[in-house]
Amino acid sequence: MSFLKKLFGGTDSNTQGEGFGKNSSPSVSYKGYEIVAKPKAEGGQFRLAGKITKEIDGTLKEHFLVRADVFSSLEEAVRATESKAKYLIDEQGEYIF
């Protein structure tokens, strides 16, 4: 399963979000999930990155996403991260964990 997560942009749970940006935005609630955009600064641009969390059966589950998309402003990267996270939730639901 971790192969599929890596293939589709997730990370292995062992990474614990290593390398994520320090530009964290406030969390956004969406269909019972929490989305935190954490764009990563790279060469004057910001890479799409973030975290999706949800409590399932008393356990907090996390999915880290990092994409190749880069943006010239932090605000654009945050909006794109939130949009991509919502798309993943709609498409995969709890299978992202």
Side-chain angles (χ1 to χ4, degrees):
M1 186 70 132
S2 73
F3 167 75
L4 292 175
K5 285 184 181 180
K6 287 180 185 178
L7 179 66
F8 291 105
T11 60
D12 194 337
S13 60
N14 295 332
T15 63
Q16 299 291 321
E18 292 173 15
F20 263 40
K22 294 177 174 66
N23 303 305
S24 184
S25 70
S27 69
V28 173
S29 295
Y30 182 73
K31 295 185 177 181
Y33 296 80
E34 291 294 317
I35 300 167
V36 178
K38 298 180 74 126
K40 196 173 165 184
E42 290 185 6
Q45 295 183 316
F46 297 90
R47 181 166 309 280
L48 187 153
K51 177 172 70 169
I52 302 169
T53 59
K54 183 175 184 181
E55 188 172 320
I56 301 172
D57 297 326
T59 303
L60 185 64
K61 302 287 186 173
E62 296 179 318
H63 174 80
F64 298 96
L65 63 136
V66 178
R67 299 293 188 269
D69 310 64
V70 290
F71 302 88
S72 58
S73 77
L74 178 60
E75 294 77 20
E76 287 178 299
V78 167
R79 280 193 305 271
T81 300
E82 291 170 354
S83 177
K84 180 63 79 169
K86 289 175 182 179
Y87 175 79
L88 281 173
I89 291 166
D90 290 341
E91 185 180 73
Q92 298 180 24
E94 292 180 1
Y95 290 109
I96 62 175
F97 304 117

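With values rounded to the nearest 0.5 angstrom, T81 atom OG1 is found 11.5 Å from K38 atom NZ. For the atom pair I52 CD1 and I96 CD1, the distance stands at 4.0 Å (nearest 0.5 Å). Atoms OH and CG, from Y30 and D90 in turn, are 3.0 Å apart once rounded to the nearest 0.5 Å. L48 contributes atom CG, which lies 10.0 Å from atom CD of E82 (distance to the nearest 0.5 angstrom). Between the CG atom of L88 and the NE2 atom of H63 there is a distance of 5.5 Å, given to the nearest 0.5 Å.
Of the possible donor and acceptor atoms, none in the side chain of R47 sits under 3.5 Å from a partner among the backbone N and O of P39.
Scored by the side chain to side chain contact (heavy atoms under 4.5 Å, CB included) test, D57 finds no partners at all (sequence neighbours excluded). Annotation: side chain to side chain contact (heavy atoms under 4.5 Å, CB included) contacts of E34 (sequence neighbours excluded): S27, S29, T53. Considering only residues two or more places apart in sequence or on other chains, K84 meets the salt bridge (charged side-chain N to carboxylate O under 4.0 Å, His left out) condition with none of them.
Considering every non-hydrogen atom in both S73 and F46, the closest pair reads C-CD1, 3.6 Å. Across all their heavy atoms, L65 and A85 have their closest contact at CD2-CB, 4.4 Å. Considering all non-hydrogen atoms of both residues, E55 and G58 come closest at OE2-CA, 3.6 Å.
Side chains of D69 and F71 form a contact here, defined as non-hydrogen atoms less than 4.5 Å apart.
In this pair, F97 and Y33 present their aromatic rings parallel. The plane angle is below 30°, not in the 30 to 60° band.
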